[in-house]
S.K.: 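The structure's right below; bear with me while I get my questions together.
First the proteins, then the strands, lettered A, B, ... as listed; each starts at 1.
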There are 2 protein chains.
Amino acid sequence: AARSLNATKIYGSGHTEVRALDDVSVSFETGQFSAIMGPSGSGKSTLMHCMAGLDDLTSGSVFIGDEDLTKLSERALTLLRRKQIGFVFQAFNLIPTLTALENITLPMSLAGDSPDQAWLDQVVGTVGLSDRLSHRPNELSGGQQQRVAVSRALASRPRIIFADEPTGNLDSRTGAEILTFMADAVRSLGQTIVMVTHDPVAASYADRVVFLADGKVTGEMLDPTS
Amino acid sequence: AARSLNATKIYGSGHTEVRALDDVSVSFETGQFSAIMGPSGSGKSTLMHCMAGLDDLTSGSVFIGDEDLTKLSERALTLLRRKQIGFVFQAFNLIPTLTALENITLPMSLAGDSPDQAWLDQVVGTVGLSDRLSHRPNELSGGQQQRVAVSRALASRPRIIFADEPTGNLDSRTGAEILTFMADAVRSLGQTIVMVTHDPVAASYADRVVFLADGKVTGEMLDPTS
Ligand SMILES: Nc1ncnc2c1ncn2[C@@H]1O[C@H](COP(=O)(O)OP(=O)(O)OP(=O)(O)O)[C@@H](O)[C@H]1O
Ligand SMILES: Nc1ncnc2c1ncn2[C@@H]1O[C@H](COP(=O)(O)OP(=O)(O)OP(=O)(O)O)[C@@H](O)[C@H]1O
Ligand SMILES: [Mg+2]
Ligand SMILES: [Mg+2]
């Protein structure tokens with residue numbers, strides 16, 4: 001579903017240069033729940049942003065399906081992101097002037113699609129936001145904002161979801177409900193999910209874990225158990 | 001060091017009213033490492049913001065030492081916060097135009113104090129930010145931003161530190177280093193720390209855990225072990 005080939009991302013230059021990604025070739029399969037783990041600063045968010053076409057590489061390529069994102073026009077890339085990719089940001093990136101519900105359905109509105117109401121109700125119910133939908137982000141707790149961000153990615157059932165630490169602000173019970181829901185979406189609906197997490201318990205819901213350190217892949221594990 | 005007495009905080013009114021805090025009386029001792037746990041949306045951030053004088057109560061009182069914050073003028077409250085309270089925000093709240101180092105020393109600059117350089121070096125070294133100090137927040141990873149926020153509260157050695165989920169974006173090793181450092185500051189320097197966390201492992205570093213649900217205290221545990 002998504003892969004990178006010799007992906008390198010360098011910030012700065014000379015002796016202050018940071019190799020956020022250093023020749024990373026990794027592949028995430030369709031219909032699989034993949035996790036990415038690694039120390040803070042190891043390049044996880046950078047990898048996800050580049051694979052989702054939100055940031056460009058210094059060298060190398062990233063593919064969604066057979067589309068090489070580095071070869072697409074700005075317009076084609078925006079269309080692909082809007083129609084095919086869901087992203088849960090580490091800092092949520094909610095629109096402060098929109099309600100929770102408006103934030104959740106925004107990608108679909110932008111893509112000109114209307115929500116599958118039954119699915120939307122199921123997502124909102126599972127993350128526990130049914131009584132907070134009319135509130136704006138600054139009237140929500142940190143974990144509630146995170147759940148809005150998660151719902152926004154799930155609601156449109158995109159081809160692939162990139163989730164950057166989707167349960168970091170949640171108590172273990174709420175986190176488990178969301179992870180179970182994600183694993184079910186992968187299992188029964190064929191949803192493809194790539195999730196960054198620091199939590200080995202969260203990673204244990206995935207089919208495979210890829211390990212990153214200093215911008216490089218250092219290993220992987222199939223069927224992780226925590 | 002800090003306590004609340006019948007603290008109530010209500011948002012909204014009528015049938016959309018949310019009792020974020022419902023008659024909460026809790027006390028945190030000087031020189032102790034206290035943790036607050038509870039489900040997402042249970043009132044943890046609200047309690048911390050009210051006890052730090054960042055938000056006002058609907059009814060009840062909060063005290064730092066013998067000072068009733070509900071009785072202070074805006075000016076006296078600002079002075080108390082600046083001189084005596086350190087706060088690690090759940091969303092970090094870093095100044096985008098300042099470097100990591102400038103963000104870390106900002107409270108001291110505002111208070112007209114100069115940093116204890118040896119202590120500052122120790123804090124920065126422990127959180128692992130020595131090579132990122134000249135970078136601004138948008139050039140830092142999520143976990144690095146969180147570490148800047150943590151360092152900012154620790155560097156001025158305030159009378160009391162309120163830390164709202166200080167390790168949520170960190171891998172377990174980096175998190176453990178910060179928690180160990182905090183526990184040492186409490187043990188050997190008499191630092192008072194009140195920490196909200198969703199992570200039972202983080203809570204196990206504390207001397208005592210208070211449990212919150214639906215805006216009420218539901219229990220506590222001394223010497224928590226995970
Ligand atoms: N300005 C506001 N208007 C209405 N409701 C609010 C407002 N601010 C907070 N709330 C509500 O108050 C409740 C408590 O919020 P709080 O941020 O204290 O929770 P929390 O325990 O810190 O949760 P989390 O673990 O998700 O960070 C939540 O249900 C939240 O939606
Ligand atoms: N604009 C930038 N300029 C300079 N360095 C940057 C920039 N953006 C990111 N970096 C650096 O690139 C490295 C990788 O960052 P990235 O956000 O991918 O890490 P991460 O693995 O997601 O970390 P975390 O777990 O803390 O979220 C970090 O050292 C970070 O400081
Ligand atoms: Mg990150
Ligand atoms: Mg909170």
S.K.: A:Ala149: what forms a side chain to side chain contact (heavy atoms under 4.5 Å, CB included) with it, not counting sequence neighbours?
M.R.: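 With neighbours one apart ignored, the set is A:Val88, A:Phe92, A:Leu94.
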S.K.: Counting distance alone, with no hydrogens or angles, which donor-acceptor pairs between chain B and chain A are under 3.5 Å?
M.R.:
unit_1, atom_1, unit_2, atom_2, d
B:Ser40, N, A:Asp171, OD1, 2.7
B:Ser40, OG, A:Arg147, NH2, 2.6
B:Gln90, NE2, A:Asn169, OD1, 3.1
B:Arg147, NH2, A:Ser40, OG, 2.6
B:Asn169, O, A:His198, NE2, 3.0
B:Asn169, OD1, A:Gln90, NE2, 3.0
B:Asp171, N, A:His198, ND1, 3.3
B:Asp171, OD1, A:Ser40, N, 2.7
B:His198, ND1, A:Asp171, N, 3.2
B:His198, NE2, A:Asn169, O, 3.0

S.K.: What residue in B:Pro39, B:Ala91, B:Gly128 has the most heavy-atom pairs under 4.5 Å with chain A?
M.R.: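 Most pairs with chain A among the choices: B:Pro39.
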